[in-house]
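None of the values given here were measured: they were computed from a predicted structure.
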Amino acid sequence: QVQLVESGGGLVRAGGSLRLSCAASGRTFSTLHIGWFRQAPGTERAFVAGINRSGGNTDYADSVKGRFIVSRDNAKSTAYLEMDSLKPEDTAAYYCAAVPRLNMAAINMRPSDYHYWGQGTQVTVSS
C-alpha cells in the first residue's frame, strides 16, 4: 500500500505561482511513477503532468507545457508540481497518483492506470 498526501494548494491571482507537494509513504518511493491530475466541478479527472521513477523523464498536458514543472526528491519520498503563470482555467482540485513501474516504462496518462491516489488539494486562480 502507498499513502499519498498533497499539500500546497490555495487561492492565487492570475499570473501567480503555487508549488504543490505530494508526500508518499508505505512503499519505496523510487519504484513509483508519479502522475498529477486535476478535476474541476462537472469535468472528468485529467492528466496534468507525470514523472518516472528516477525523475529523468517527464510529460505534460499541452495546456500546462511551459508553465508547470514536475519534479521529485526520492530521498524525501516527495513529488512536486511547480505551477507558474497560473490562469483561472487552472482552477481545480489537484491530485497526485502513483503506480509501480519500471523506470523505462512510459508515463501513464489515464487515471485508471494509477493504483494509489491522494485526497487532493484545491487550487483556485482568480482573474
Separation between [atom1] of [X] and [atom2] of [Y], rounded to the nearest 0.5 Å:
X	Y	atom1	atom2	value
S25	Q3	OG	CD	4.0 Å
T31	R101	OG1	CZ	11.5 Å
S77	L4	OG	CG	10.5 Å
Q122	E6	CD	CD	12.0 Å
I51	H33	CD1	NE2	9.5 Å
S17	M83	OG	CE	8.5 Å

Self-check item: Hydrophobic cluster of Y80, others only, ordered by chain and residue number, side-chain cut-off 4.5 Å
Solution: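 Hydrophobic cluster check, Y80: no partners found.
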Would [X] end up clustered with [Y] when hydrophobic side chains under 4.5 Å apart are linked, directly or stepwise?
X	Y	result
L81	I34	yes
W117	Y94	no
V70	M109	no
L18	F37	no

Quiz item: Do N74 and R72 meet the criterion of a side-chain donor-acceptor pair at a distance under 3.5 Å?
Solution: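 The answer is yes; a qualifying pair exists.
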Practice problem: Would you confirm whether the ring centroid of Y60 sits within less than 6.0 angstrom of the ring centroid of F47? | Solution: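 Ring centroids of F47 and Y60 are no less than 6.0 Å from each other.
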Quiz prompt | Pairs where residues 46-59 contributes a residue and the test side chain to side chain donor-acceptor pair (under 3.5 Å) is met, not counting sequence neighbours | solution =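 Only N52-N103, S54-N103 qualify under side chain to side chain donor-acceptor pair (under 3.5 Å).
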Quiz prompt | Stacked cation flag R45 on Y95, 6.0 angstrom / 45 deg | solution =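 That pair qualifies as a cation-pi contact.
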Self-check item: Pair D90 + K87: basic N to acidic O under 4.0 Å
Solution: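 Salt bridge flag = no for K87 with D90.
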